[in-house]
Amino acid sequence: LCEVKAYGKRINIPRIHPRRVNYGKNIARSRKAWQSSTTHRGYAKRATDGNTNSHYFKGASCTHTRNRRQTWLVIDLGSVYSVTHVKLFNRQDCCSNRLKKFTVSISNNRRPKFKGKSIQPTNARQCTYQRNSVGKEITIACRGIKGRYIVIAKNYILTLCEVKAYGKRINIPRIHP
């Protein structure tokens with residue numbers, strides 16, 4: 001094959017903008033949160049305060065852990081949910097490249113346990129491992145994994161400006177003796 005010719009008429013295809021998907025109610029809003037460590041007043045409760053401002057000092061709404069191995073943030077959903085999606089909001093005033101090489105997992109244990117140097121908790125089911133740096137926000141599919149706690153883990157500094165979660169509450173019947 002030495003030459004290829006193509007014939008036809010040029011047409012303009014309109015750009016399709018991704019539509020906003022409504023996942024329903026944010027089940028992580030105002031829920032208790034804790035993290036492996038805190039520095040620069042980046043308290044864990046900022047992850048669920050409803051404020052998505054991604055400028056650390058202006059918005060006063062981002063978490064910040066110390067620079068350690070196996071840093072993590074846990075959000076208590078209050079009861080067991082079938083989690084469909086978790087949405088993370090990344091810091092934008094600087095340092096946005098830090099949010100990479102992290103896991104998002106669903107667990108029924110309030111404290112993550114790690115084996116060796118792994119950032120995947122051994123007592124949780126993983127939604128994703130995100131290798132590349134995240135832009136302003138990322139939505140992660142958790143495929144209905146059931147659990148009470150959301151665990152975000154990585155090595156070194158973990159800064160999140162908001163965490164939203166979506167899913168359906170699971171009614172677990174109580175068994176009376």
Side-chain angles (χ1 to χ4, degrees), residues 18-78 81-107 110 112 114 118-121 124-168:
R19 63 185 169 96
R20 294 251 181 227
V21 177
N22 182 1
Y23 295 111
K25 182 182 174 189
N26 174 10
I27 59 176
R29 174 77 192 265
S30 301
R31 296 292 186 174
K32 285 185 179 182
W34 54 92
Q35 58 193 8
S36 54
S37 62
T38 301
T39 190
H40 305 297
R41 296 184 179 169
Y43 306 110
K45 66 181 179 180
R46 290 179 170 187
T48 60
D49 63 3
N51 182 352
T52 60
N53 189 320
S54 56
H55 292 273
Y56 192 86
F57 296 103
K58 289 181 184 177
S61 180
C62 300
T63 67
H64 200 303
T65 65
R66 294 186 184 277
N67 191 6
R68 304 273 191 268
R69 280 199 177 272
Q70 295 169 325
T71 57
W72 48 263
L73 174 95
V74 174
I75 298 169
D76 182 354
L77 298 174
Y81 281 81
S82 172
V83 180
T84 58
H85 295 85
V86 174
K87 190 172 191 175
L88 306 178
F89 290 80
N90 192 14
R91 183 174 177 178
Q92 295 297 297
D93 57 335
C94 85
C95 322
S96 61
N97 61 331
R98 287 182 188 159
L99 191 54
K100 63 183 174 188
K101 297 182 182 177
F102 65 90
T103 61
V104 176
S105 304
I106 309 299
S107 178
R110 60 181 282 115
F114 300 95
S118 173
I119 58 167
Q120 171 56 41
R125 289 192 57 207
Q126 181 175 309
C127 297
T128 192
Y129 170 74
Q130 178 68 30
R131 177 179 303 281
N132 300 322
S133 184
V134 173
K136 181 174 176 158
E137 61 189 65
I138 184 171
T139 302
I140 294 154
C142 289
R143 305 169 310 279
I145 297 174
K146 294 172 182 64
R148 178 172 172 167
Y149 303 97
I150 298 170
V151 182
I152 298 111
K154 70 180 295 288
N155 281 320
Y156 310 111
I157 298 169
L158 175 60
T159 301
L160 296 165
C161 295
E162 188 69 16
V163 177
K164 294 182 178 184
Y166 305 94
K168 184 178 180 181

Could I get the full list of side-chain hydrogen bond (donor to acceptor under 3.5 Å, both in side chains) partners for Arg46, not counting sequence neighbours?
none
Using the side-chain hydrogen bond (donor to acceptor under 3.5 Å, both in side chains) criterion, which residues pair with Ser54? Sequence neighbours excluded.
none
Can you see which heavy atom on Ala28 is nearest to which on Ile75, and at what distance?
CB-CG2, 4.2 Å
Residues Tyr56, His64; criterion ring pair (Phe, Tyr, Trp, His ring centres under 6.0 Å); working and verdict:
CA-CA 9 Å; Tyr56 192 86; His64 200 303; 5.7 Å; yes
Only pairs at least two apart or in different chains count here, so list each side chain to side chain donor-acceptor pair (under 3.5 Å) that has a residue in residues 27-39.
Gln35-Thr38
Please, which pairs that meet salt bridge (Lys or Arg N to Asp or Glu O under 4.0 Å) have at least one residue in residues 55-65, sequence neighbours excluded?
none
Quick one: side-chain hydrogen bond (donor to acceptor under 3.5 Å, both in side chains) partners of Asp76, sequence neighbours excluded?
Arg148
At their closest point, which heavy atom of Pro121 faces which heavy atom of Ser105, and how far apart are they?
CD-OG, 3.9 Å
Distance only, no hydrogens: is a donor on one side chain within 3.5 Å (strictly under) of an acceptor on the other, for Ser61 and Asp49?
yes
side-chain contact (heavy atoms from CB on, under 4.5 Å) involving Ser118 - partner list, sequence neighbours excluded
Gln120
Would you compute the distance between atom OG1 of Thr84 and atom CZ of Arg143 and round it to the nearest 0.5 angstrom?
11.5 Å
Looking at CD1 of Ile119 and CD of Gln126, how far apart are the two atoms once the value is rounded to the nearest 0.5 Å?
8.0 Å
Quick one, Lys87 and Thr139 - any side-chain contact, counting heavy atoms below 4.5 Å?
yes
Do Leu99 and Ile138 have side-chain heavy atoms sitting under 4.5 Å apart?
no
All N/O donor-acceptor pairs, side-chain side in residues 149-166, below 3.5 Å, sequence neighbours left out:
| unit_1 | atom_1 | unit_2 | atom_2 | d |
| --- | --- | --- | --- | --- |
| Lys154 | NZ | Arg98 | O | 3.2 |
| Lys154 | NZ | Ile157 | O | 3.0 |
| Asn155 | OD1 | Gln70 | N | 2.8 |
| Glu162 | OE1 | Gly50 | N | 3.3 |
| Glu162 | OE1 | Asn51 | N | 3.4 |
| Glu162 | OE2 | Gly50 | N | 2.9 |

Not counting sequence neighbours, which residues clear side-chain hydrogen bond (donor to acceptor under 3.5 Å, both in side chains) with Asn67? List them please.
none
Tell me every residue that passes ring-ring contact (aromatic ring centres under 6.0 Å, His included) with His55, counting only those two or more places apart in sequence or in another chain.
none
